[in-house]
Engineer: 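Before I ask anything, here is the structure I am working with.
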Protein chains: 2
Amino acid sequence: MEPSHKPAAPPTGSTSPSGNGERKSDPSVPGAAPAGTAVPRGATRAQVEQAIRSSLLTGRFIPGKAVTLRGLAAELGVSPMPVREVIQRLAAEHALVVKSNGRVQVPEMTGARFDEILKARLLLEPEVAAMALPNLTKADADRLLRIDLDIDRCLGSGDAVGYMTLNHQFHFHMYRASGSQILLPLVESLWLQFGPYMRMVYGRVGTANLVDWHKQALRAIDTRDATALRQAIASDISDGMGMLGRDGLPNP
Amino acid sequence: MEPSHKPAAPPTGSTSPSGNGERKSDPSVPGAAPAGTAVPRGATRAQVEQAIRSSLLTGRFIPGKAVTLRGLAAELGVSPMPVREVIQRLAAEHALVVKSNGRVQVPEMTGARFDEILKARLLLEPEVAAMALPNLTKADADRLLRIDLDIDRCLGSGDAVGYMTLNHQFHFHMYRASGSQILLPLVESLWLQFGPYMRMVYGRVGTANLVDWHKQALRAIDTRDATALRQAIASDISDGMGMLGRDGLPNP
DNA sequence: GGCCTTTCTTTGTGATCACAACTTGAGAGC
DNA sequence: GCTCTCAAGTTGTGATCACAAAGAAAGGCC
């Protein structure tokens, strides 16, 4: 809704970018980028993908909302073309669903989906964390500690978006150290799938998380205890998803 | 290479489909479908996706091979458009890789990737099988048995492609009964990733698989023994990947 | 002969167009 | 007043075009 991404919308009220006089001046953003700034190949698509991904991860797209090609394209100030490809990509990762008639929408959470995502996270993420453990340096531990302190601050002030963003950073800064090429993408796909549902967490931040499992994880990293790290991550996932809550979801 | 899919290539030697006189007669297949047969929406893309997916799963694409948009499009007799979207989709599932310059190629197998795929399969597939167990009917068990008998026949006659196709059918007919919406797609992504590497199995069919774990799995299904089923699937995966072989792969 | 430069070709990318299917809304008929 | 019908608008899909960047190949220079 909020067109915060639109870089330089045409001043005329024409939503459709067709009909403007200039043609093919700059293939990236029609209206910005004053024709001369070197734009790397495929830059537009990368920007579009990043914008949509972060919108999904922080819950800015509400589940069930219809996503239209031209709508998103206009919102981002680009042609429908790069949006098409990004949508295909995200649909393949099940971050978006294409219905039988081709319409695209943000997937709605169901009880069964919720349970399965929880199960999949519990299977994969402790393993990825354990893979990362030998590669985690002192600098990584420091970075993780700083992120966790910021998380505490967000929990204290009730900043839900900040909490979600930082929680994502905490987990993936650790996971990335695993050097995993297979398991890590699978985990990323899972986070994208419950991301939109995160919206439910608004206002609920600070009520749960009696035990700070991140601190336990940091201790396990310090002592190089893979079993303890696995346990801490598993507990963190269970508690975090518990905070989201499965109750009230349709069962199918 | 063999243009078996091309329905009605222009008689002229022009590889590029531009320049043909007829325009916009039928949006599906240019030259076929005599303008009146109802073609469901998005039919072309579905066909293209199916074609490429099965090529990947049965190892018809050799790892490292460059995949070009226009090349594939010409081979399938369609415009580059649907191929673009399918490629994006498959790249998102890591069945294809997009290099930094935008070029697309079939991913090459490395030792690390191989180990990780094996680990991921061992984590996920026994679980999916266990989820499927309560839903497996007598009819499913019969179907699985028939597939396995066909597998035995292929192993006897050294039919590698038949073996790979049927092995895929065996596993996924079972897995599909789980009704899983999250774990099953993850598993499918894994199969797509080691599919091209399956090519290595040509000629090696029949040398391994001393224990028939499929038969063990069928027995576990009969006795509704989840633990035994998990074990059978895990062993089947280990043996199957062992037949593919990790030796000789570059380590990174 | 080997290496560098230049040209031509190939290839991905973004934009736009045309079309069919779907959705939505208004209006006529009962 | 309700429902059915039909028209207008919306939306996804396939095709084609134009362009820039990256490769490949050919030619010239040392």
Side-chain angles (χ1 to χ4, degrees), chain A residues 10 14-33 35-49 66-74 76-89 91 96-105, chain B residues 10 14-33 35-49 66-74 76-89 91 96-105:
Chain A
S14 75
T15 319
S16 87
S18 71
N20 53 347
E22 64 183 9
R23 279 179 46 84
K24 305 268 154 79
S25 63
D26 180 27
S28 68
V29 182
T37 54
V39 185
R41 206 181 165 120
T44 310
R45 188 170 66 204
Q47 288 166 10
V48 169
E49 177 151 6
V67 173
T68 67
L69 240 58
R70 291 170 171 87
L72 262 181
L76 296 167
V78 297
S79 96
M81 204 58 225
V83 180
R84 268 168 82 164
E85 303 205 334
V86 170
I87 294 230
Q88 290 299 321
R89 247 197 137 84
L96 295 172
V97 287
V98 268
K99 304 186 72 179
S100 60
N101 53 5
R103 281 336 209 309
V104 180
Q105 68 175 39
Chain B
S14 72
T15 317
S16 86
S18 70
N20 52 347
E22 64 183 9
R23 279 177 47 83
K24 305 266 153 76
S25 63
D26 180 28
S28 67
V29 183
T37 56
V39 185
R41 206 181 164 122
T44 310
R45 187 169 68 204
Q47 288 167 10
V48 169
E49 178 152 6
V67 172
T68 67
L69 241 57
R70 290 170 171 85
L72 262 182
L76 295 167
V78 297
S79 96
M81 204 59 226
V83 180
R84 268 168 83 164
E85 304 205 334
V86 170
I87 293 234
Q88 290 300 320
R89 218 164 219 284
L96 296 172
V97 287
V98 266
K99 305 187 71 178
S100 60
N101 53 5
R103 280 338 208 302
V104 180
Q105 68 175 40

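Here is the naming used below: chain letters follow the sequence lines, and residue numbers restart at 1 for every chain. Atoms considered below: every heavy atom in the structure, side chains included; atoms not considered: hydrogens, waters and symmetry mates.
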Engineer: Let's see if you can work this out: which of C:dA15, D:dT13, C:dC22 has an atom nearest to the side-chain heavy atoms of A:Ser79?
Structural biologist: C:dA15

Engineer: Can you tell me how far C1' of D:dG23 sits from CD of B:Gln105, to the nearest Å?
Structural biologist: 15 Å

Engineer: Can you tell me how far apart NZ (B:Lys99) and CD (B:Gln105) are? Round to the nearest 0.5 Å.
Structural biologist: 4.5 Å

Engineer: Rounded off to whole Å, could you give me the CD-to-C1' distance for the A:Glu49 and C:dG14 pair?
Structural biologist: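 Spelled out: CD on A:Glu49 to C1' on C:dG14 is 16 Å.
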
Engineer: Taking side chain to side chain donor-acceptor pair (under 3.5 Å) as the definition, give me every residue that meets it alongside B:Glu85, ordered by chain and number, with sequence neighbours left out.
Structural biologist: A:Arg84, B:Arg45

Engineer: From D:dA15, C:dA15, D:dA22, pick the nucleotide closest to the side chain of B:Pro82?
Structural biologist: D:dA15

Engineer: Without decimals, in angstroms, what is the distance between A:Arg45 CZ and C:dT11 C1'?
Structural biologist: 13 Å

Engineer: Extract from the structure each pairing of a protein N or O with an N or O of nucleotides 8-11 of chain D at less than 3.5 Å, listing the distance.
Structural biologist:
residue: D:dT11; atom: O2; partner: B:Arg41; partner atom: NH2; Å: 3.4

Engineer: Only one of B:Val98, B:Leu72, B:Val83, B:Val97 clears side-chain contact (heavy atoms from CB on, under 4.5 Å) with B:Val67; which?
Structural biologist: B:Leu72

Engineer: Between atom CE of B:Met81 and atom OG1 of B:Thr44, what is the distance when rounded to the nearest 0.5 Å?
Structural biologist: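 Answer rounded to 0.5 Å: 12.0 Å.
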
Engineer: For the CG atom of A:Leu69 and the CZ atom of A:Arg103, what is their distance to the nearest 0.5 Å?
Structural biologist: 11.0 Å

Engineer: To the nearest angstrom, how far is B:Gln47 atom CD from D:dT13 atom P?
Structural biologist: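 Value for this atom pair: 14 Å.
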
Engineer: Please figure out whether A:Asn101 or A:Glu85 has its closest DNA chain C nucleotide nearer the 5' end.
Structural biologist: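 Per heavy-atom nearest nucleotide, the more 5' residue is A:Glu85.
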
Engineer: In whole angstrom, what separates A:Lys99's NZ from C:dC22's P?
Structural biologist: 13 Å

Engineer: Quick one: on DNA chain D, does A:Met81 or A:Gly102 contact a more 5' nucleotide (nearest heavy atom)?
Structural biologist: A:Gly102

Engineer: Where is the tightest heavy-atom contact between B:Gly71 and B:Thr68, given as atom of each residue plus distance?
Structural biologist: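 Looking at all heavy atoms of both residues, the closest pair is N-OG1, 3.1 Å.
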
Engineer: Distance criterion of 3.5 Å, no angle test: do you see the side chain of B:Arg84 paired donor-to-acceptor with the base of D:dG14?
Structural biologist: no

